[in-house]
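First comes the structure, then the notes that go with it.
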Protein chains: 2
Amino acid sequence: MRYHRIPDETVRRLPIYLRALLFAADQGQESISSRDLADFVGVNPWQIRKDFSYFGEFGTRGVGYDIYELAQQIKKILKLDVTKQAALVGVGNLGSAILAYPDLRMFGLDITAVFDVNPRKIGRKVGDVEIESVSRLRTLERRKINLAIIAVPRNAAQKVAEALVRAGVMGILNFSACYITVPRRVKVITIDIATDLARLPYYVPTR
Amino acid sequence: MRYHRIPDETVRRLPIYLRALLFAADQGQESISSRDLADFVGVNPWQIRKDFSYFGEFGTRGVGYDIYELAQQIKKILKLDVTKQAALVGVGNLGSAILAYPDLRMFGLDITAVFDVNPRKIGRKVGDVEIESVSRLRTLERRKINLAIIAVPRNAAQKVAEALVRAGVMGILNFSACYITVPRRVKVITIDIATDLARLPYYVPTR
DNA sequence: CTATGTGAATTTATTCACAGCA
DNA sequence: TGCTGTGAATAAATTCACATAG
């Protein structure tokens, strides 16, 4: 097969597969079939096989996939094979929740810079990183941090995004409930809790 | 046009449009064109027109959409026209962040039941709801609450989901980093922060 | 005999192009 | 003339069916 572009939807699922694989490896498993993996993450086996087929042949017919090898491959595809530093802006409840997330490390992601506007928070330590003033966002450039998480109130989000982009940030995970405008080269993934919750009633039958 | 099923992707965008419309209404605007709305939420105008066309004709050619009327319609489609109660399970940082979310009210969503396992939290009040023991999840049934948010650690998620389903919950917003198994009739939307962040590096050019 | 890998078929979603109405 | 509404065209994603390899 000629390997062209990996579909976005496949890229979206890859980290989910990766987590499952790392979990299985942790349980001492060495190989897994598309069916078992499928059951574990809640998709169909053929979806999984198709997803993997976009970037190679990793399975052994009659057996399944070698967990370690496959996990390595996925990490490589996702560029998670070398640890990536990320910045967090906004240390409210949400920001704190993100900092406490254990899974990030497992994905080779490390939040090594944390910012807030609140003078009372600045200087305090969370884990082993110190909260800095947002006025120092520009330092991200020389610290070579080009991923960031925005967890600030809506009205501050666009400004923060612009500061991040000026500091050379190329990927943003945006938790603020608004659309943020950035240059095309910057990738933004928005997580909008309220709109996700708001579409739930649609699917629930009204008694 | 014959109105058949509304595509899932359209349903996903409707709450986003709705928020923009409510915001515009708040600014005193009375009508809006597909182009202006598009700019505001970051999609194309024809996408918006197509989305709306799935459930009716609400615009005035040469003018645009009546904001109030369109917002009403979207609320109705999404079943947000009557206030829906929701339960929250897990009052950690994430749970607290969700409780503090102002947007939920605007979507006609009201978190009126909050649960935790921690005895030290039980009985405490957040806003004007009291934190209850998870052992009381079953009471959701007679309280007629059939939407719930799971914000507990991964290892507790499946158990909580099952308790929720037993209590008659039909829609779940799952923040736990795992796939939860529920009967087909129950709709689950999963928000997985780590996997969303983990796919960012893929899109960021490596220098 | 089991489980992968993949073209082909199908379904779903997006984009286009323009007719139609205010 | 301006902006909506929508069939038709295109693109993307999923599902199927089965050849193929261990």
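A, B, ... follow the sequence lines: proteins, then strands. Residue 1 opens every chain.
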For [X] and [N], give me the distance from atom [atom1] to atom [atom2], rounded to whole Å.
{"X": "R5(B)", "N": "dA13(C)", "atom1": "CZ", "atom2": "C1'", "result": "11 Å"}
{"X": "R35(B)", "N": "dG5(D)", "atom1": "CZ", "atom2": "C1'", "result": "17 Å"}
{"X": "E9(B)", "N": "dT11(C)", "atom1": "CD", "atom2": "C1'", "result": "14 Å"}
{"X": "I32(A)", "N": "dT2(C)", "atom1": "CD1", "atom2": "P", "result": "19 Å"}
{"X": "D51(B)", "N": "dT6(D)", "atom1": "CG", "atom2": "C1'", "result": "13 Å"}
{"X": "E57(A)", "N": "dG7(C)", "atom1": "CD", "atom2": "C1'", "result": "13 Å"}
{"X": "Q73(B)", "N": "dT4(D)", "atom1": "CD", "atom2": "P", "result": "17 Å"}
{"X": "R61(A)", "N": "dA21(D)", "atom1": "CZ", "atom2": "C1'", "result": "5 Å"}

Discussion item. To the closest 0.5 Å, what do you measure between CG (D110(A)) and OG1 (T83(A))?
Written reply: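 So the gap between those two atoms works out to 6.5 Å.
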Item to complete: By nearest nucleotide on DNA chain D, pick out whichever of G62(A) and R12(A) is the more 5' one.
Response: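 The 5'-side residue here is R12(A).
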Closest nucleotide among [options] to the [X] side chain:
{"X": "R13(B)", "options": "dT14(C), dA19(D), dA22(C)", "result": "dT14(C)"}
{"X": "D8(A)", "options": "dG20(C), dG22(D), dA13(D)", "result": "dA13(D)"}
{"X": "S53(B)", "options": "dC3(D), dT14(D), dT6(D)", "result": "dT6(D)"}

Worksheet item: How are the rings of F55(A) and F52(A) set relative to one another: parallel (under 30°), tilted (30 to 60°) or perpendicular (over 60°)?
Response: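 Ring orientation, 0 to 90° scale: perpendicular.
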Taking the basic N atoms (NZ, or NE/NH1/NH2) and the acidic carboxylate oxygens, is any pair closer than 4.0 Å for [X] and [Y]?
{"X": "R154(A)", "Y": "D103(B)", "answer": "yes"}
{"X": "D81(A)", "Y": "K76(A)", "answer": "no"}
{"X": "R143(A)", "Y": "E132(A)", "answer": "yes"}
{"X": "E162(A)", "Y": "K159(A)", "answer": "no"}

Item to complete: Please determine if a side-chain N or O atom of S34(B) lies less than 4.0 Å away from the OP1 or OP2 oxygen of dT4(D).
Response: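 Indeed, a polar side-chain atom of S34(B) lies that close.
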Worksheet item: Just to confirm, is there a sub-4.0 Å distance from OP1 or OP2 of dG5(D) to any side-chain nitrogen or oxygen of Y65(B)?
Response: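 Indeed, a polar side-chain atom of Y65(B) lies that close.
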Worksheet item: With no hydrogens and no angle check, is any side-chain donor or acceptor of N174(A) less than 3.5 Å from a backbone partner on C178(A)?
Response: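 Flag set: sc N174(A) to bb C178(A) pair under 3.5 Å.
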Fill in: Sorted by number, the residues of residues 42-50 of chain B with heavy-atom contact under 4.0 Å to DNA chain D
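Going residue by residue through residues 42-50 of chain B, the ones with a heavy atom under 4.0 Å of DNA chain D turn out to be R49(B), K50(B).
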Fill in: Which residue lies more 5' along DNA chain C, comparing V63(A) with G56(A) via nearest heavy atoms
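Result of the comparison: V63(A).
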